[in-house]
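Below: the structure, in C-alpha cells.
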Amino acid sequence: MAVRKDALRKIVALKRQSAEQKVRALQLDVEGIEAAINDLTAGLKALDEGKAGIEANFLAQAHGHVDRVIRDIDARNAALLVRRSELDAAREALKRVFHSQERLDEVLPEG
C-alpha cells in the first residue's frame, strides 16, 4: 500500500508542476502581448502628437502604416483575450490540483 501512496503523491506532484508551468508560460505570453500592444500604441501616439514630423506622418498615412498598426493592435487584442481565457482555465486547473493534493494529504497521511 505504501508504494501506491507514493505513486499517487508523485502523480499529483507532477500534475501540479505541469499546471504551474502552464500558468507561468501563459502569464509570460500575456505579458508579451501586452508589451507589444503598448509599444504599438506608443508609436501611434507619437505620430498623433506630431513628434515624427509632418513628412513622416504624411508618408505613414500614404503607405497605410497607420491602418496596418491599428490592425496589428486589434489582432493582438484578440490574441490577448484568447490567452487570458486560457490563463484563467489554467489557473482553475491549478486550483483543482492543489485541492487534489490537499485531499490526498487528508486521505493518505504521511507515515
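Below, each value reflects all heavy atoms present in this structure, side chains not excepted, and no hydrogens, waters or symmetry copies. Computed from a prediction, not measured in an experiment: that's the story for all the values here.
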Problem set entry | side chain to side chain contact (heavy atoms under 4.5 Å, CB included) evaluation trace for N77 with I73 | CA-CA 6 Å; N77 277 324; I73 290 172; 3.6 Å; yes
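Listed here is the closest heavy atom pair of L94 and R16: CD1-O, 4.0 Å.
S100 places a side-chain N or O within 3.5 Å of a backbone atom of R96 that can act as its donor or acceptor partner.
Contact check for L44 versus L40: no side-chain heavy atoms found under the 4.5 Å cut-off. Contact annotation: the side chain of R24 never approaches that of Q21 to less than 4.5 Å [non-hydrogen atoms, C-beta and beyond].
To the nearest 0.5 Å, atom CZ of residue R76 and atom CG of residue N38 are 11.5 Å apart. Rounded to the nearest 0.5 angstrom, F98 CZ and E20 CD are separated by 5.0 Å. Between atom CD1 of residue I70 and atom OG1 of residue T41 there is a gap of 10.0 Å, rounded to the nearest 0.5 Å. Interatomic distance, CD of E102 versus CG of D105, reported as 8.0 Å (0.5 Å rounding).
Hydrophobic clustering (side-chain heavy atoms under 4.5 Å, transitive across Ile, Leu, Val, Met, Phe, Trp, Tyr) keeps L28 apart from I37.
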Do any side-chain atoms of residues 82-90 form donor-acceptor pairs under 3.5 angstrom with protein atoms, and if so which ones, sequence neighbours left out?
from, atom 1, to, atom 2, distance (Å)
R83, NE, D29, OD2, 3.4
R83, NH1, E86, OE1, 2.5
R84, NH2, E34, OE2, 2.4
S85, OG, V82, O, 2.7

